[in-house]
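Working notes, beginning with the structure itself.
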Amino acid sequence: MAESILDAYKVTQEKKQEIDTSRKLKVGIIGTGWIADAHAVSYLKQPDVEIVAAADLVPGKAEAFFKKYNIAPRCYTSHTEMLENEHNLDAVSVCTYNATHAVCTIDALNKGINVLLEKPMCVTLNEAVEICRAEKKSGKVLSIGFQPRFDENMKMIKKIVQDGVLGEIYYIQTGGGRRRGIPTPFGTSFIQKETAGIGALGDIGCYSLDMVLNAIGYPKPLTVSGYKSDFFGKDPSYKHHDVFGVDDFAAAFVRLEGGIILDFRISWAMHADTPGDTIIFGKKGALRIPSTDCWNGSVGGAMTLYHDVSGLQTQTTIPVLHTNGDLFDKKVRSFCDAVKNGTPAPVPSSEILYNQAIIDGITRSAECGHEIEIEIPEI
């Protein structure tokens, strides 16, 4: 019986995609910090894409950035200047600080330009709402940068849940993090309040939330009791303690529509190797998803499906699945296809709005010290 269940979750190989190169997408990149490298590299792999423009607040930074790729797009020192002067842009990647995700995305959508927005979507729920409203008004494609969705193991988690093997879901514990992993190899923009706005919550917490929320169909969050701390970042022994202004650990108890409870914790730094595996509890079974040492967009090992067979308690091991190709490339390609074909965004803002609502709720609950209701305005 276990073998037959396992057979149901075998992965078929993807067919090689045929790409129409008769029409090339003209793309701009807003922000040329380290994540822009991944976008540039991936766009340059696409045979139907041209990077024609870029913007960065630091004079000369965008020009220097593209020298290593032997291309010379038109460069600007503000995204507004780029959007005003580039009249043929099909799409932009927003790769700026968290705190400027909203304004750059809204301005691009208002100009009728499709947007691939890096994660986290933004900092606050209000910003997320305004982004979604601009998207709705524009009629353009807005996809959020959650490349882990394209990992075969992530797809498997959703398939198991959606197939009903676990039955009705009632409780989920999830999270992840690093024993030490405050991200400052390229400067301090990730840890300063004015640029990042949120810390571990936005950097890797949004991924952890998406892994389970996407699997269960993104039910609406109702209430949250949140906690956050900054003990490691503010410790005088940490070299950037004087500018650290965000969370390095967060936890929450979230109530979702459908009577589902979400027990969440995330960390950039802690005295442990993991805050625990992800476990999705259902009335017919449960799924354990091993944590990773450092969030990498996949799973930390073979998953275990716990279920009963003819009255016997049984468990089935779901082997780690191989994903053909680079996840980031899949993210970019899916966005380009949506733009060219007029199809829905591969990672829609309507879902990530709920992700952002939880992050915002955790932040507000932690700051006021009690549980709060999550109220999401109409888009």
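None of these values were measured; they are calculated from a predicted model.
Among all heavy-atom pairs drawn from Pro319 and Asn153, the shortest one is O-OD1, 4.2 Å. Across all their heavy atoms, Cys104 and Ile30 have their closest contact at SG-CG2, 3.9 Å. In terms of heavy-atom proximity, Arg133 sits nearest to Glu378 at NH2-O, 2.8 Å. The two residues Gly226 and Ser365 come nearest to each other via the heavy atoms N-OG, 2.8 Å. Residues Phe190 and Val246 come closest through the heavy atom pair O-CG2, 3.9 Å. In this structure, Ile113 and Leu109 approach most closely via the heavy-atom pair O-CD2, 3.6 Å.
Taking the salt bridge (charged side-chain N to carboxylate O under 4.0 Å, His left out) definition, one finds that Glu367 meets it with Lys228, sequence neighbours left out. Scored by the side chain to side chain donor-acceptor pair (under 3.5 Å) test, Ser237 finds Asp235 as partners (sequence neighbours excluded). Every residue two or more places apart in sequence or in another chain was checked for a side chain to side chain donor-acceptor pair (under 3.5 Å) with Glu18, and none qualifies. Listed by chain and number, the residues in a side chain to side chain donor-acceptor pair (under 3.5 Å) with Asp337 are Gln17, Arg333 (sequence neighbours excluded). Considering only residues two or more places apart in sequence or on other chains, His39 meets the ring-ring contact (aromatic ring centres under 6.0 Å, His included) condition with Phe328.
Side-chain atoms of Glu118 never come within 3.5 Å of backbone atoms of Thr96 as a donor-acceptor pair (strictly under, hydrogens ignored). Side-chain atoms of Asp360 never come within 3.5 Å of backbone atoms of Thr124 as a donor-acceptor pair (strictly under, hydrogens ignored). Using modelled atom types, no side-chain atom of Lys331 and backbone atom of Pro346 make a donor-acceptor pair closer than 3.5 Å.
Taking the side chain as every heavy atom from C-beta outward, Glu84 and Tyr76 never approach each other to under 4.5 Å. For the pair Lys45/Val332, no side-chain contact is recorded, criterion being any heavy-atom separation below 4.5 Å from C-beta on.
Using a 4.0 Å cut-off between charged side-chain N and carboxylate O, Asp90 and Lys340 make no salt bridge. Ion pairing between a basic and an acidic side chain is recognised when a charged N comes within 4.0 Å of a carboxylate O; Lys24 and Glu50 show no such pairing.
Between Phe65 and Tyr69, the distance from one ring center to the other falls under 6.0 angstrom.
Using a 4.5 Å cut-off between side-chain heavy atoms of Ile, Leu, Val, Met, Phe, Trp and Tyr, with links allowed through other members, Ile280 and Ile160 fall into the same hydrophobic cluster.
Between Phe244 and Tyr238, the two ring planes are perpendicular [angle over 60°; tilted spans 30° to 60°]. In this pair, Tyr170 and Phe281 present their aromatic rings tilted. The plane angle is within the 30 to 60° band.
The environment of Lys239 atom NZ is sparse: at most 12 non-hydrogen atoms of other residues, nucleotides or ligands sit within 6.0 angstrom.
The distance from the CD1 atom of Ile359 to the CE atom of Met121 is 11.0 Å, given to the nearest 0.5 Å.
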Got a list of side-chain donor-acceptor pairs under 3.5 Å for residues 247-261, not counting sequence neighbours?
unit_1 : atom_1 : unit_2 : atom_2 : d
Asp247 : OD1    : Gly199 : N      : 2.8
Asp247 : OD2    : Ala200 : N      : 3.0
Asp247 : OD2    : Leu201 : N      : 2.9
Asp248 : OD2    : Phe232 : N      : 3.0
Asp248 : OD2    : Gly233 : N      : 2.7

